[in-house]
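Working notes, beginning with the structure itself.
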Amino acid sequence: MTVTSIKRQRAKQFLRRIAIGLCRGLLHFRSRRYELRTAPTVIIAPHQDDETLACGGIIARKRNEGLAVHVIFITDGSASHPGHPRHDSTAIAKLRRAEAMHALACLGVERTAVHFLNEPDGTLKTITTERRESLVGRLGQLLQTIAPGELFLPCNPDGSSEHDATYGFVTESLARTQLQPVVWEYPVWSWWNPVLLLRRWVASKDCRAMPLEDYRQAKQQAICCYQSQIAPLAPDTIAALPADLVDIFLADTELFFRSQPPAKLP
């Protein structure tokens with residue numbers, strides 16, 4: 001890498017940090033404090049780590065209060081290290097599943113409340129009609145069994161085709177049921193693209209902030225469980241997740257946008 005390209009990269013990182021800081025300030029100015037609900041909660045995560053990064057504090061708080069929290073993973077996480085010389089996709093999926101169980105244990109989630117739908121990672125954007133129907137059906141059955149009063153899912157859009165597809169699967173599943181949970185959208189990759197975050201902020205009539213307070217340590221420990229994502233997986237020298245992105249989720253609050261309930265299908 002040339003000196004010029006290094007300078008450009010550093011300048012880009014600096015500008016992104018400024019933009020993210022401004023977005024966070026605007027969101028805090030607009031947001032109200034999140035109020036805890038006691039009904040069962042479902043966190044929908046496209047990949048193993050999204051739930052902890054975006055919702056680790058709220059998961060820890062609810063579990064500390066003895067409230068039911070279920071986490072549903074849509075994909076197997078196998079595409080985070082394509083072409084890795086030591087770990088094929090099967091090994092990556094196994095590793096990420098183990099990391100997820102350790103992370104959620106740190107947050108107090110029971111093993112029986114963790115659900116893996118195991119869709120192949122990286123394929124949600126091009127999912128076939130048959131596979132989509134199967135996934136939406138399985139997801140709907142699981143949601144009906146849990147009967148959540150509150151549900152968290154990725155923002156739409158969130159700067160990731162997998163996250164955007166997940167939003168569609170969940171809303172379609174809810175539309176097929178009689179469930180009417182309070183639905184919140186959480187940002188992950190849209191933090192990396194502040195324009196998307198600002199659009200979501202402008203569109204939202206209800207933005208909530210939950211201070212981590214006593215749950216910061218539990219969230220930090222849970223994030224550290226995802227070593228395959230936050231640190232280079234040898235012999236790689238670059239982590240799957242940029243350090244600046246991970247730092248965003250170590251801030252003192254978590255932010256959520258109220259989502260409009262999906263229209264029920266006839």
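All values reported here derive from a predicted model rather than from experimental measurement.
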- Query: Should the pair His84 and His81 be assigned to parallel (<30°), tilted (30 to 60°) or perpendicular (>60°) ring geometry?
  - Reply: perpendicular

- Under-4.0 Å salt bridge between Arg176 and Glu133: yes

- Item | Nearest-0.5 Å distance that lies between atom SG in Cys55 and atom CD1 in Ile58 | 6.5 Å

- Query: Any donor and acceptor pair, going by atom type alone, linking the side chain of Asp76 with main-chain N or O of Asp121 inside 3.5 Å?
  - Reply: yes

- Item | Cluster check Ile74, Leu143: I/L/V/M/F/W/Y, side chain < 4.5 angstrom | yes

- Message: Applying a strict under-4.5 Å side-chain criterion to I, L, V, M, F, W and Y, I'd like to know whether Leu117 and Val109 cluster together.
- Response: no

- Can you see which heavy atom on Leu245 is nearest to which on Trp192, and at what distance? N-CZ3, 3.6 Å

- Could you tell me whether Arg208 and Glu254 have a side-chain N and a carboxylate O separated by less than 4.0 Å? no

- Message: Is there a path of hydrophobic side-chain contacts, each under 4.5 Å between heavy atoms of I/L/V/M/F/W/Y residues, joining Ile18 to Leu15?
- Response: yes

- Item | Parallel, tilted or perpendicular, as decided by the 30° and 60° cut-offs, for the rings of Phe152 and Phe256 | perpendicular

- Query: Between the side chain of Lys219 and the main-chain N/O of Ile59, is any donor-acceptor distance below 3.5 Å?
  - Reply: no

- Query: What distance do Leu250 atom CG and Ile223 atom CD1 have between them, rounded to the nearest 0.5 Å?
  - Reply: 4.5 Å

- Side-chain donor/acceptor of Thr75 to backbone N/O of Pro46, under 3.5 Å: yes

- Query: Would you say Cys155 and Tyr186 make side-chain contact, with heavy atoms under 4.5 Å?
  - Reply: no

- One should read off an interatomic distance between Ser78 OG and Leu95 CG, to the nearest 0.5 angstrom, of 12.0 Å

- Lys62 to Leu36 - nearest heavy-atom pair and separation: CG-CD1, 3.5 Å

- Task: First locate atom OG1 of Thr253, then atom CZ of Arg24, and finally report the distance between them rounded to the nearest 0.5 Å.
- Result: 5.0 Å

- Item | Salt-bridge present (Arg96, Asp49; N to O < 4.0 Å) | yes

- Verdict with reasoning, Leu27 to Cys207, per side chain to side chain contact (heavy atoms under 4.5 Å, CB included): CA-CA 7 Å; Leu27 288 168; Cys207 178; 4.2 Å; yes

- Does atom CD of Gln227 have more than 12 heavy-atom neighbours from other groups under 6.0 Å away? yes

- Message: Is it the case that atom NE2 in His102 sees more than 12 heavy atoms from other parts of the structure closer than 6.0 Å?
- Response: no

- Query: Have Thr123 and Arg131 got a donor and an acceptor in their side chains that come within less than 3.5 Å?
  - Reply: yes

- Task: Apply side chain to side chain contact (heavy atoms under 4.5 Å, CB included) to Glu99 and Gln48, showing your working.
- Result: CA-CA 8 Å; Glu99 288 177 338; Gln48 295 75 17; over 6 Å; no

- Message: Is the shortest side-chain heavy-atom distance between Leu233 and Ser80 below 4.5 Å?
- Response: no

- Atom pair CD1 (Ile72) and CD (Glu51), whose distance is rounded to the nearest 0.5 Å: 12.0 Å

- Query: Would you say Asp164's side chain and Asp158's backbone share a donor-acceptor pair under 3.5 angstrom?
  - Reply: yes

- Query: Out of curiosity, does Phe169 fall in the hydrophobic cluster containing Val71 (side-chain heavy atoms, cut-off under 4.5 Å, transitive links)?
  - Reply: no

- Item | Full working for ring pair (Phe, Tyr, Trp, His ring centres under 6.0 Å) between Phe116 and Phe73 | CA-CA 5 Å; Phe116 296 89; Phe73 293 107; 5.1 Å; yes

- Message: The test is side chain to side chain contact (heavy atoms under 4.5 Å, CB included); show your working for Ile43 and Thr41 and say whether it passes.
- Response: CA-CA 7 Å; Ile43 313 290; Thr41 297; 3.9 Å; yes

- Task: Please tell me if the side chains of Leu179 and Pro148 come closer than 4.5 Å, counting only heavy atoms from C-beta onward.
- Result: yes

- Message: Could you check whether any side-chain N or O of Asp236 sits under 3.5 Å from a backbone N or O of Ile238, counting only pairs where one atom can act as donor and the other as acceptor?
- Response: no

- Task: Answer yes or no: is there a side-chain heavy-atom contact under 4.5 Å between Arg61 and Tyr34?
- Result: yes

- Query: Could you go step by step and tell me if Asn156 and His163 meet the side chain to side chain donor-acceptor pair (under 3.5 Å) rule?
  - Reply: CA-CA 8 Å; Asn156 182 37; His163 288 214; over 6 Å; no

- Task: Taking Ser204 for its side chain and Trp201 for its backbone only, find out whether a donor-acceptor pair lies under 3.5 Å.
- Result: no

- Message: How close do Arg86 and Ala234 get, counting heavy atoms only, and between which atoms?
- Response: CD-O, 3.7 Å

- Nearest atoms (heavy-atom pairs only) where Cys106 meets Cys225: SG-SG, 3.8 Å

- Before accepting this row, confirm whether a basic side-chain N of the pair Arg16/Asp244 lies closer than 4.0 Å to the acidic partner's carboxylate O. no

- So how far is it from Cys23 SG to Leu198 CG, rounded to the nearest 0.5 Å? 3.5 Å

- Task: Please name the pair of heavy atoms, one in Ala209 and one in Leu255, separated by the smallest distance, quoted to 0.1 Å.
- Result: CB-CD2, 3.6 Å

- Item | Path from Trp184 to Leu196 over hydrophobic side-chain contacts below 4.5 Å | no

- Item | salt bridge (Lys or Arg N to Asp or Glu O under 4.0 Å) contacts touching residues 27-37 (sequence neighbours left out) | Arg32-Asp206, Arg33-Glu213, Arg37-Glu150

- Task: For the residue pair Asp50 and Val188, establish whether any side-chain heavy-atom pair is separated by less than 4.5 Å.
- Result: yes

- Task: Kindly say whether Pro187 contributes a backbone atom to a donor-acceptor pair with the side chain of Ser190 at under 3.5 angstrom?
- Result: no

- Query: Taking 4.0 angstrom as the limit, do Glu119 and Arg138 come out as a salt bridge?
  - Reply: yes

- Mind running side chain to side chain contact (heavy atoms under 4.5 Å, CB included) on Val246 and Tyr226 for me, showing each step along the way? CA-CA 11 Å; Val246 176; Tyr226 284 110; over 6 Å; no

- Message: Check Arg258 with Glu185, please: is the shortest side-chain N to carboxylate O separation under 4.0 Å?
- Response: no

- Query: Any idea which heavy atoms bring Leu67 and Thr38 closest together, and the distance?
  - Reply: CD2-O, 3.7 Å

- So do the side chains of His115 and Leu142 get within less than 4.5 Å of each other, counting heavy atoms only? yes

